[in-house]
Amino acid sequence: MPIPTPTRTLLIKFISVLCLVTAPLWLYFLLFPGDFDYANGIVVSIVVVIVNAGLILHVTRNDEELARS
């Protein structure tokens, strides 16, 4: 029985679930670093969210498959 090759949709869903499942861990490390100020972590996380939202909107505007997800 051959192993099925993953489709683009399956890969996108897998990466989405992986990001959602690991989000508490990397958010904890982002907001509560060992020897840094907490305010810096909050500012960095807000900047990262804004940049990622812009990048997602830019990438999905021409891709029908990603726009549906």
Side-chain angles (χ1 to χ4, degrees):
M1 175 179 233
I3 298 173
T5 58
T7 61
R8 185 174 177 181
T9 305
L10 181 64
L11 185 61
I12 291 170
K13 289 181 181 180
F14 174 75
I15 291 172
S16 301
V17 169
L18 185 66
C19 288
L20 287 174
V21 169
T22 60
L25 181 65
W26 52 263
L27 279 174
Y28 173 77
F29 287 125
L30 180 67
L31 295 175
F32 303 108
D35 57 350
F36 293 106
D37 187 22
Y38 297 120
N40 290 337
I42 294 171
V43 170
V44 168
S45 66
I46 291 171
V47 169
V48 167
V49 167
I50 291 170
V51 169
N52 282 334
L55 289 172
I56 290 169
L57 290 174
H58 176 72
V59 169
T60 58
R61 71 176 166 183
N62 294 329
D63 193 339
E64 293 177 16
E65 187 175 325
L66 288 176
R68 286 186 286 140
S69 300

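- In terms of hydrophobic clustering, with Ile, Leu, Val, Met, Phe, Trp and Tyr side chains grouped at heavy-atom distances under 4.5 Å, Ile42 and Tyr28 are assigned to a common cluster.
- Here Ile50 contributes atom CD1 and Leu55 contributes atom CG; the two are 12.0 Å apart, rounded to the nearest 0.5 Å.
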Using a 3.5 Å cut-off and no angle test, enumerate the donor-acceptor pairs between side-chain atoms of residues 17-26 and protein atoms at least two apart in sequence or in another chain.
{"residue": "Thr22", "atom": "OG1", "partner": "Leu18", "partner atom": "O", "Å": "2.8"}
{"residue": "Thr22", "atom": "OG1", "partner": "Trp26", "partner atom": "NE1", "Å": "3.4"}
{"residue": "Trp26", "atom": "NE1", "partner": "Thr22", "partner atom": "O", "Å": "3.3"}

